[in-house]
> 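What follows is a single structure, and I will ask about it in a moment.
Keep in mind that this is a model prediction, so the values were computed, not measured. Reminder, nothing fancy here: chain letters follow the sequence lines and each chain counts from 1.
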2 protein chains.
Amino acid sequence: MENSVFKALAHPARRQLLALLRKGPRLAGDLAAEFEASWPTMSRHLAVLKEAELITAERQGNQILYRVNTSVLEDAATALLGLLGRDNGDDDLKEAAE
Amino acid sequence: MENSVFKALAHPARRQLLALLRKGPRLAGDLAAEFEASWPTMSRHLAVLKEAELITAERQGNQILYRVNTSVLEDAATALLGLLGRDNGDDDLKEAAE
DNA sequence: CTGCTAATTAGCAATTATGCTAATCTCTGG
DNA sequence: CCAGAGATTAGCATAATTGCTAATTAGCAG
């Protein structure tokens, strides 16, 4: 649901994870290494993001590759813009405001 | 801080408050009346939004008028779009909104 | 000052989030 | 099978959030 997305975005470490993934898919351990927090802690943050469907996981043999789920992030941004009462300007969103 | 903004957005009641305020400024009691939760509870949600500077409060005699702080909400939306790696081009935001 | 309405703050219980260490799982390679 | 790396899950303690009722503040009218 939408709510889990915003709750997932509420933690700075998770937003930073998304920022890292923005540049391309990365392995779990690779991501965890960028943070001060312990590996299990980062693993949990990744799980929260996955639960909100903000990221997807794919096993690559021994390791796990994460990537951003762009459309869900887009939906969240669109929801915020909707709160502004302004049109998004996104290609596939047409408003019916008169 | 940016973080308090996303934390404030994490609760559905607070996003709904913003949605109500999107259409124009409203009195605290007027807003509280729209929710099932008790008035003090809504008052606290308003305080969280104010703390994040997503809204501003203005006394009108006996009552308090709240309004959305558009720029902070814009910043949050922009931050999300930034996570998408796409350019939002809102330097000006003078796009003809409808 | 008293009383009244609008709204916030205090205090409390219950739930949820965070972050650690230890234990477990999954896969690869001998 | 066993050993090891990569990663998650379990369990626990602490902190933060949520939402209530009761108490309090702020302003207005008499």
> So what does A:Tyr66 hit on the nucleic acid, given a heavy-atom distance under 4.0 Å: a base, only sugar-phosphate, or nothing?
sugar-phosphate
> Count the heavy atoms belonging to other residues, nucleotides or ligands that lie under 6.0 Å from CD of A:Glu51, then report whether that count exceeds 12.
no
> Check whether any side-chain nitrogen or oxygen of B:His45 sits under 4.0 Å from OP1 or OP2 of D:dT17, and answer yes or no.
no
> If you check the A:Gln63 side chain, which of D:dG19, D:dG6, C:dA7 turns out closest?
D:dG6
> Starting at CD of B:Glu51 and ending at C1' of C:dT8, how long is that distance when rounded to a whole Å?
14 Å
> In whole angstrom, what separates A:Leu27's CG from C:dT28's P?
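Computing the A:Leu27:CG to C:dT28:P distance gives 14 Å.
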> When you measure from the side-chain N and O atoms of B:Thr41 to the phosphate of D:dG19, is any distance below 4.0 Å, counting only OP1 and OP2?
no
> Find which nucleotide of DNA chain C each of B:Leu65 and A:Met42 is nearest to by heavy atoms, and output the residue with the more 5' nucleotide.
B:Leu65
> Any heavy-atom pair between the side chains of B:His45 and B:Thr41 that's under 4.5 Å?
yes
> Closest approach to the side chain of B:Asn62, judged atom by atom: which nucleotide of D:dT8, C:dA6, C:dT18 is it?
C:dA6
> In whole angstroms, how far is the P atom of D:dT17 from the NE2 atom of A:His11?
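Going from NE2 in A:His11 over to P in D:dT17 covers 11 Å.
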> Using whole Å, report how far CH2 of B:Trp39 lies from P of C:dT5.
11 Å
> So, is B:Ser38 near the phosphate of D:dC20, with a side-chain N or O under 4.0 Å from OP1 or OP2?
yes
> Just wondering, do A:Lys50 and A:Thr56 contact through their side chains at under 4.5 Å, heavy atoms?
no
> Nearest-Å distance, CG (A:Leu17) to P (C:dG19)?
11 Å
> Nearest whole Å is fine: how far is D:dT9 P from A:Leu46 CG?
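So the CG-P distance, A:Leu46 to D:dT9, works out to 11 Å.
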> Side chain of A:Arg44, heavy atoms from C-beta onward: which of C:dT26, C:dT18, D:dA7 has the nearest atom to it?
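Shortest atom-to-atom distance from the side chain points to C:dT18.
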> Taking any heavy-atom pair under 4.0 Å as a contact, classify B:Arg59: base, sugar-phosphate, or nothing.
sugar-phosphate
> Select one nucleotide: of D:dT9, C:dA7, C:dT8, the one nearest the side-chain heavy atoms of B:Pro40.
C:dT8
> Is there a path of hydrophobic side-chain contacts, each under 4.5 Å between heavy atoms of I/L/V/M/F/W/Y residues, joining B:Ile55 to B:Trp39?
no
> Whole Å only: how far is the CG atom of A:Leu31 from the P atom of D:dG6?
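Rounded to whole Å, this separation is 14 Å.
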> A side-chain contact here means heavy atoms from C-beta on lying under 4.5 Å apart; do A:Met42 and A:Leu17 qualify?
yes
> Using the closest heavy atom to pick a nucleotide of DNA chain C for each, name whichever of B:Ile64 or A:Val48 lands nearer the 5' end.
B:Ile64
